[in-house]
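This report concerns only the one structure given below.
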Amino acid sequence: MRFSSLRGMQDILPSEVHLWQHIEEQARKIFEIFNFQEIRTPVVENAELFLKSIGEDTDIVEKEMYVFQDKKGRKVALRPEGTASVVRAYIQNSLFLNPAPQRFYYIGPMFRYERPQKGRFRQFHQIGVEVFGINSPAVDGELIYMVKKFFEKLNIKNLTYEINSLGCKKCRTLYKENLFKFLSDRITILCSDCKRRLEINPLRILDCKVSSCREALNDIPLIVDFLCKDCRKHFLSFQDELNSMDIPYNVNPKIVRGLDYYTRTVFEVTTTALGAQNAVAAGGRYDYLVELFGGPPTPAAGFAVGMERLIDLCTETVRIESKKPYVYVAYAGNLLNEAKNLARFLRNNNIPVETSYEEASLKSQLRKADRFGVRIVVIVGEEELKRSVYRWKNMKTGLQGEATLKELIEMLREGR
Ligand code: HAM
């Protein structure tokens, strides 16, 4: 019987994983400089957590969540994103008692039952960050600054930073009323999904990809024109922050994001290099979510980077040597056990080693060493062993010689 991975879910093979590790390492380094600390939350949560935060009439919750009943009949879900879980953990563990800002980052798999295509998977990975407790737009600016630094570290260029403000409850209500009126007049043009959305959440219509709906949106009222005084001030100060850090950006008043919890700042980092799935990172503010989940009123903001899309961009910009075993220990005659002992000894001295485990001719062992791509072959030979030395050969330069165990360790440690 042969099995394949599920549609939209991929293996990350050793030949690719080094790039993943490199990116994760860069993220950790940069985020920790900004005092973010790692948080790890479960992959499976109560489904209600996502229904209530992302929103019941969003694509993610309506169509894309992996929801199932556990053995006790509880409705659980594979997490489609990280923010809701971090908010839950923040409240459940009373992390709000610690001084603000509290900053967290996470790296891990997310699950959305989407139609797979380039850059879109059913299991994908995010590197995300969340900051709790600060209302200031300086935090929003800093998030963009940090993600930009991260992309720069990976040599990724030609990214566009698109920003918008979705206002607070007050301005959103006013905007929704206007939007409803505008769209009601055009209801006949809207697709069947949007006709339904009009009643429940007209903001979603701005996200619709159906061309008739996009046409209806040409002169749609924009949220930026409905922001209350405080939200407008917040949005302008956010832009001042970006200007002061020389971060180029576009205000795109049509960004509404596919998740309902956002308030005020939202942003997307896009590229033209990835085709249709052009967002590499996205995020924003969600000032009501902690309270909605029973925590104290706590402003919050964050973003998540899509790892698979980032990997696609990095294959061009980051060169990583794939890790190969450094040394191959081969043997002549019947010295298999001596070779195993030497291999163990070298590994105990932190030298990465591959070796033979079966009876084989020296010639076939050397062929294997070559296929492994090792740098140095060390040969345990009868005659050399009597003189307490080992023969070695550098497979790259062709240089060869003899060395005592002490000299061998020194040589290998120094990477010669
Ligand atoms: P999101 O926009 O749904 O936001 O996802 C963030 C990023 O994850 C996207 O920009 C994209 O790069 C990647 N992504 C999303 N879906 C897929 C998929 N099916 N396949 C591959 N990559 C994908 C969030 O998830 C929010 N939790 C971000 C956030 C954090 N907001 C505040 N804090």
Side-chain angles (χ1 to χ4, degrees), residues 6-10 12 23 27 31 36 39 41 45 49-50 53-55 58-61 63-66 78-90 102-132 139-140 142-144 146-147 150-151 156 159-164 166 207 255-271 273-290 298-314:
L6 300 182
R7 194 163 126 80
M9 305 203 176
Q10 21 170 35
I12 303 162
I23 292 174
F31 296 172
F36 283 81
I39 186 162
T41 60
E45 296 265 10
L49 179 77
F50 303 111
S53 55
I54 298 171
T58 56
D59 280 354
I60 298 180
V61 167
K63 307 179 191 162
E64 297 167 4
M65 275 230 291
Y66 280 87
L78 296 184
R79 62 179 182 194
E81 59 111 43
T83 309
S85 303
V86 176
V87 171
R88 181 206 39 72
Y90 177 77
Q102 285 294 302
R103 308 178 201 249
F104 309 98
Y105 75 86
Y106 48 91
I107 302 179
M110 309 292 161
F111 303 84
R112 296 184 194 174
Y113 196 84
E114 296 196 73
R115 199 167 49 76
Q117 54 172 257
K118 185 173 157 40
R120 195 163 74 188
F121 302 94
R122 290 185 174 166
Q123 175 175 327
F124 61 100
H125 298 75
Q126 286 185 344
I127 300 188
V129 307
E130 315 293 348
V131 187
F132 293 91
V139 164
D140 314 32
E142 201 175 74
L143 285 175
I144 304 234
M146 188 171 77
V147 79
F150 173 53
F151 289 135
I156 297 172
L159 294 174
T160 305
Y161 295 82
E162 297 197 273
I163 64 166
N164 192 20
L166 296 181
D207 252 355
I255 292 185
V256 287
R257 309 278 298 115
L259 310 97
D260 275 356
Y261 49 63
Y262 290 110
T263 48
R264 292 189 167 171
T265 308
V266 284
F267 61 88
E268 289 184 359
V269 187
T270 57
T271 165
L274 290 178
Q277 304 307 315
N278 63 355
V280 203
R285 216 161 237 293
Y286 48 94
D287 290 341
Y288 303 131
L289 192 54
V290 176
T298 309
F303 66 76
V305 179
M307 270 299 268
E308 282 75 4
R309 297 182 192 176
L310 188 55
I311 292 280
D312 256 11
L313 294 176
C314 283

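Atoms within a ligand are numbered from 1 in the order they appear, just like the ligands themselves. Computed from heavy atoms alone, side chains included, the values below leave out hydrogens, waters and symmetry copies. Small disclaimer: the values here were computed from a predicted structure and weren't measured.
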Stepwise ring-ring contact (aromatic ring centres under 6.0 Å, His included) check, Y105 with F36
CA-CA 6 Å; Y105 75 86; F36 283 81; 7.5 Å; no
For atom 26 (C) of ligand 1, the closest protein heavy atom turns out to be Y261 OH, 3.4 Å
Check whether the side chains of Y286 and T263 place a donor and an acceptor atom closer than 3.5 Å, and report yes or no.
no
Here the pair of heavy atoms bringing T270 nearest to A279 is CG2-CA, 4.1 Å
Among protein heavy atoms, which lies nearest atom 33 (N) of ligand 1, and at what distance?
E130 OE1, 2.8 Å
Minimum-distance protein heavy atom relative to atom 14 (N) of ligand 1
F124 CE1, 3.5 Å
As a quick check of understanding, evaluate ring-ring contact (aromatic ring centres under 6.0 Å, His included) for F111 and F124, giving each step before the final call.
CA-CA 6 Å; F111 303 84; F124 61 100; 8.0 Å; no
Strictly by modelled atom types, are Y106 and E130 linked by a side-chain donor-acceptor pair under 3.5 Å?
yes
Should we count OH of Y113 as having more than 12 external heavy atoms under 6.0 Å?
no
Taking atom types as modelled and ignoring hydrogens, do the side chains of Q126 and E81 form a donor-acceptor contact shorter than 3.5 angstrom?
no
Is the shortest N/O to N/O distance between E308 and ligand 1 below 3.5 Å?
no
Closest heavy-atom approach to atom 3 (O) of ligand 1 among E81, Q117, R112 is made by R112
Students should be able to answer this: which protein heavy-atom is nearest to atom 31 (N) of ligand 1, and at what distance?
Y262 OH, 2.6 Å
Ranking G119, G306, G302 by closest non-hydrogen atom to atom 21 (C) of ligand 1, top hit is G119
A281 touching ligand 1 at heavy-atom level, < 4.0 angstrom:
yes
May I ask whether L259 places a heavy atom under 4.0 Å from ligand 1?
yes
Any nitrogen or oxygen of R120, main chain or side chain, under 3.5 Å from a nitrogen or oxygen of ligand 1?
no
Heavy-atom contact check, 4.0 Å cutoff: does Q277 meet ligand 1?
no
What one should report as the nearest heavy-atom pair of T41 and A89 is CG2-CB, 4.2 Å
Atom 12 (O) of ligand 1: which protein heavy atom is closest, and how many Å away?
A279 O, 2.8 Å
N or O pair under 3.5 Å between A304 and ligand 1
no
Nearest protein heavy-atom contact for atom 20 (N) of ligand 1: which residue, which atom, what distance?
F121 N, 3.0 Å
Examine ligand 1 and decide if any of its atoms is less than 4.0 Å from a heavy atom belonging to G128.
no
